[in-house]
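Keep in mind that this is a model prediction, so the values were computed, not measured.
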There are 2 protein chains.
Amino acid sequence: MGQGAGGGPQPRGGATLAQVAARVGVSLNTVSRAIRAPHTLRPELLGRIAAALDELNYVPNRIAGSLAGTRSALVGVVVSSLFHSEFAAVVEALQTGLLARDFQVMLGHSHYDPAREAGAVRALLGWRPAAMALVGIDHHRDVSRMLGEAGIPVVQMWDVGGEAIDSAVGMDHVAIGRAQAEHLLARGYRHVAVVGSLRPHDARAHKRCRGVAQALAAAGLGEPALATSAEPGDPDLGGRLVAELLARHPEVDGIACNSDAVAYGVLRALRARGRRVPDDVGVVGFGDAEASACLVPALTSVRPPRAAIGRLTAEIILARLEGAGPRQLEVAWDILVRDSTARGSTVSAPI
Amino acid sequence: MGQGAGGGPQPRGGATLAQVAARVGVSLNTVSRAIRAPHTLRPELLGRIAAALDELNYVPNRIAGSLAGTRSALVGVVVSSLFHSEFAAVVEALQTGLLARDFQVMLGHSHYDPAREAGAVRALLGWRPAAMALVGIDHHRDVSRMLGEAGIPVVQMWDVGGEAIDSAVGMDHVAIGRAQAEHLLARGYRHVAVVGSLRPHDARAHKRCRGVAQALAAAGLGEPALATSAEPGDPDLGGRLVAELLARHPEVDGIACNSDAVAYGVLRALRARGRRVPDDVGVVGFGDAEASACLVPALTSVRPPRAAIGRLTAEIILARLEGAGPRQLEVAWDILVRDSTARGSTVSAPI
DNA sequence: TTGAAAGCGTTACCAA
DNA sequence: TTGGTAACGCTTTCAA
């Protein structure tokens, strides 16, 4: 039940290498080597040291280790947001890859705001990470400068196509937008609109939007109708935007959404207005969220290879730390076609 | 484009306090005080130091600071999983509260496995955090021992009712399970079952399960039918479990799910089998995920106060660090009633 | 195979 | 109001 009211607990912070050494009767760095290079000790001594380490519950102080060593065992990661879990799977895969080599991930959030991103980068840099990973390829110039000056490997994730600071692993978001529109056109929808959250500095979302426009132009159609907002993309936003959209453009029969969460609200609002999906209107999302296959109708969506991006980022960081050169990778994605764009035919998601 | 192929980048790691001091022509710790206690310097000197700090792009080395200082500016946080985003909002709120006081959050994952949780706690403790927060109230004895010996504030989140190591902020999961069942019974469902992921060491899930049984017993009904699995809770699992459940217990007309993701699959599978929700079967979820209000029928679910739990955890940690005593808080939750349990009447979620 | 000693970049304390 | 100096707990030479 804690240490009673009043004074907070006294950090005791465990045994030190010196205490273990004293206990065994050897020098401090013999113990250090027992941990980092056991084979350089005679087995007998090693055994005694191991016993002492265990008895005293020794936990190496990574802070001291980082300060003394050539580099820290930290990797800084900046994502736009964990909350809407767009990047949770990326971070999880990245962390798994790094943890296997004993690197700890430190997370920062940009909240889709360049100034806050710069703040997060600065804060993370204070911990002298061995490398950094961040979402996006276009950054505030302070961010690029700080990262460049830090002289550590930097991997930009999720997007490609801009000027990479060092390395990059991501998708071509313009191509994704094109594919969303082309899919709708191929299914016979003609009046395509873009609906969703479009924050000023979310370059990926803007690129997807541009991709949609490109595909329409290529098909000899006009500009897409737009219903966007700088608010966070959630179902309620989707509902409000589509209501506004249909008021202005009743002819719209194909909707490319900027996220699945928005698409959920779009489907609900269309249903409430008596517009049938996919017969009257086709809807395609982005992100392939967990619920998308369970909606009615099931939502067609673009599936980003989240785990692969996280895994590759970890690989590049580790390789880079071993002296390999920077890399820029584009990863493939696909469209999961489900009922929300199944006009004419019936595409059923597996039960 | 990085530093060319071959050698990795050379960590340069920014200017040091000593370099800034040399530049200004003052001693190292005058600069240190310029940062931590500006009012103890004469304004003129302060100005010159500020200029040098800025020119050299000085970023304080938190590693060195933590080693030298009385305590580190880190808080370790262990969650079961970020992936299914159950805890993403909790972590986000916690981080926001801590960041305001310049504490950095370090994340670890237990993957619902006591051994991995112990590993995560040990790894985090290596960074000598000023405090720790973790999900759950029942832990591997190694975890309790390590945490106890660390002598730092510890907040256990999400659950209450066990023996807290220090402080706790959570919900009564037995009561939640009871409420799920009571809600179903109140709506006229009589044959209540529990469906979902039930990992051996997910104490919260087991408690909710027990709560359901308690409510049935109190109503003079028998044990709930169970369809559970140790696999992660996702829609596919829900679909498989409900198929199996209905084969064994065709009389079931009320289903309490252990998570909303599982409930999505349950709804889909019921629909595929021609069972109407809510007319034939009532379904209640847990977690109130983003899509739940957009399903057809919209899913009734228990909504945990995620942001409040994160915020309160931050508050307790900060207070504890200032010398306040440990606290154990139970937070309130509620049931969002939607269409999936609206038998007889029509409850509509707002569009 | 082991030990001694010099940092790493701060903070904290005491003296000036 | 400022400066000197000793930690902090480890890693990394270099010497024995």
Side-chain angles (χ1 to χ4, degrees), chain A residues 10-49 52-53 56-74 102 104 125-130 150, chain B residues 10-49 52-53 56-74 102 104 125-130 150:
Chain A
Q10 302 300 318
R12 294 194 290 285
T16 68
L17 228 36
Q19 292 171 317
V20 178
R23 172 85 102 120
V24 183
V26 294
S27 86
L28 179 162
N29 66 42
T30 300
V31 182
S32 173
R33 276 173 29 242
I35 295 168
R36 289 175 302 110
H39 54 279
T40 66
L41 296 190
R42 31 178 247 280
E44 184 271 337
L45 219 205
L46 194 56
R48 281 166 50 213
I49 293 179
L53 249 16
L56 295 177
N57 280 312
Y58 176 73
V59 178
N61 184 329
R62 312 273 268 159
I63 295 279
S66 298
L67 186 59
T70 18
R71 69 179 185 220
S72 89
L74 280 175
D102 236 44
Q104 174 69 43
L125 249 18
W127 293 95
R128 298 298 186 271
Chain B
Q10 303 298 319
R12 295 195 289 284
T16 68
L17 228 36
Q19 292 171 316
V20 178
R23 174 83 102 117
V24 183
V26 294
S27 87
L28 178 164
N29 64 43
T30 300
V31 181
S32 174
R33 276 176 25 245
I35 296 169
R36 289 175 301 111
H39 54 278
T40 66
L41 268 63
R42 33 178 245 281
E44 184 271 338
L45 219 203
L46 194 55
R48 281 164 51 211
I49 293 179
L53 249 16
L56 295 176
N57 279 311
Y58 175 73
V59 178
N61 185 330
R62 310 273 267 160
I63 296 280
S66 298
L67 185 58
T70 338
R71 70 180 184 219
S72 88
L74 281 175
D102 235 47
Q104 174 68 44
L125 249 18
W127 293 95
R128 298 298 186 271

Next on the checklist: Using the rule side-chain contact (heavy atoms from CB on, under 4.5 Å), only one of B/V26, B/V31, B/T30 pairs with B/V20; which is it?
Outcome noted: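 Per the side-chain contact (heavy atoms from CB on, under 4.5 Å) rule, the option paired with B/V20 is B/V31, out of B/V26, B/V31, B/T30.
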Checklist entry - Could you state the interatomic distance from CG (A/L53) to OH (A/Y58), rounded to the nearest 0.5 Å? => result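 That separation rounds to 7.5 Å.
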Next on the checklist: Within this structure, what is the CD1-CD1 distance for the pair A/I35 and A/I49, rounded to the nearest 0.5 Å?
Outcome noted: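 With rounding to 0.5 Å, CD1 (A/I35) is 8.5 Å from CD1 (A/I49).
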Between [N] ([atom2]) and [X] ([atom1]): distance, integer Å:
| X | N | atom1 | atom2 | result |
| --- | --- | --- | --- | --- |
| A/N61 | D/dA7 | CG | C1' | 14 Å |
| A/L74 | C/dC8 | CG | P | 20 Å |
| B/I49 | D/dT1 | CD1 | P | 13 Å |
| A/I63 | D/dA7 | CD1 | C1' | 16 Å |
| B/H39 | D/dT2 | NE2 | C1' | 14 Å |
| A/R128 | C/dC8 | CZ | C1' | 11 Å |

I want to check one thing: is the phosphate of [N], taken as OP1 and OP2, less than 4.0 Å away from some side-chain N or O of [X]?
| X | N | value |
| --- | --- | --- |
| B/Y58 | C/dT10 | yes |
| A/R42 | C/dT2 | yes |
| A/R62 | D/dG9 | no |
| A/S27 | C/dT2 | no |

Checklist entry - Taking only residues two or more places apart in sequence, or in another chain, which ones meet A/R36 in a salt bridge (Lys or Arg N to Asp or Glu O under 4.0 Å)? => result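 A/R36 satisfies salt bridge (Lys or Arg N to Asp or Glu O under 4.0 Å) with no other residue.
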Checklist entry - Listed by chain and number, what are the salt bridge (Lys or Arg N to Asp or Glu O under 4.0 Å) partners of A/R33, not counting sequence neighbours? => result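 For A/R33, no residue satisfies salt bridge (Lys or Arg N to Asp or Glu O under 4.0 Å) once neighbours in sequence are set aside.
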With 3.5 Å as the limit, what N/O pairs link the protein to nucleotides 14-16 of chain D?
none

Next on the checklist: Keeping A/R71 on the side-chain end and A/S66 on the backbone end, is there a donor-acceptor pair under 3.5 Å?
Outcome noted: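 Pair absent, no side-chain N/O of A/R71 close to backbone of A/S66.
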Checklist outcome for this item: With B for base contact, S for sugar-phosphate-only contact and - for none (protein heavy atoms under 4.0 Å), nucleotides 11-16 of chain C reads BB----
[X] vs [Y] side-chain heavy atoms within contact, under 4.5 Å:
| X | Y | result |
| --- | --- | --- |
| B/D102 | B/R62 | yes |
| B/R128 | A/V59 | yes |
| A/L17 | A/N61 | no |

Item to check | Partners meeting side chain to side chain contact (heavy atoms under 4.5 Å, CB included) with B/A22 (sequence neighbours left out) | outcome: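 In terms of side chain to side chain contact (heavy atoms under 4.5 Å, CB included), with neighbours along the sequence ignored, B/A22 is linked to no residue.
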Next on the checklist: Can you list everything that forms a side chain to side chain contact (heavy atoms under 4.5 Å, CB included) with A/A68? Sequence neighbours excluded, please.
Outcome noted: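 By the side chain to side chain contact (heavy atoms under 4.5 Å, CB included) rule, A/A68 matches no residue at all.
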Checklist entry - Base, sugar-phosphate alone, or nothing: which one does A/L67 contact when heavy atoms must sit under 4.0 Å apart? => result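 Base: the residue A/L67, judged by heavy atoms under 4.0 Å, touches a nucleobase.
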Checklist entry - Could you give the angle between the helix axes at the two ends of the helix from C/dT1-D/dA16 to C/dA16-D/dT1, with five pairs per end, rounded to 10 degrees? => result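 Terminal axis comparison yields 40°.
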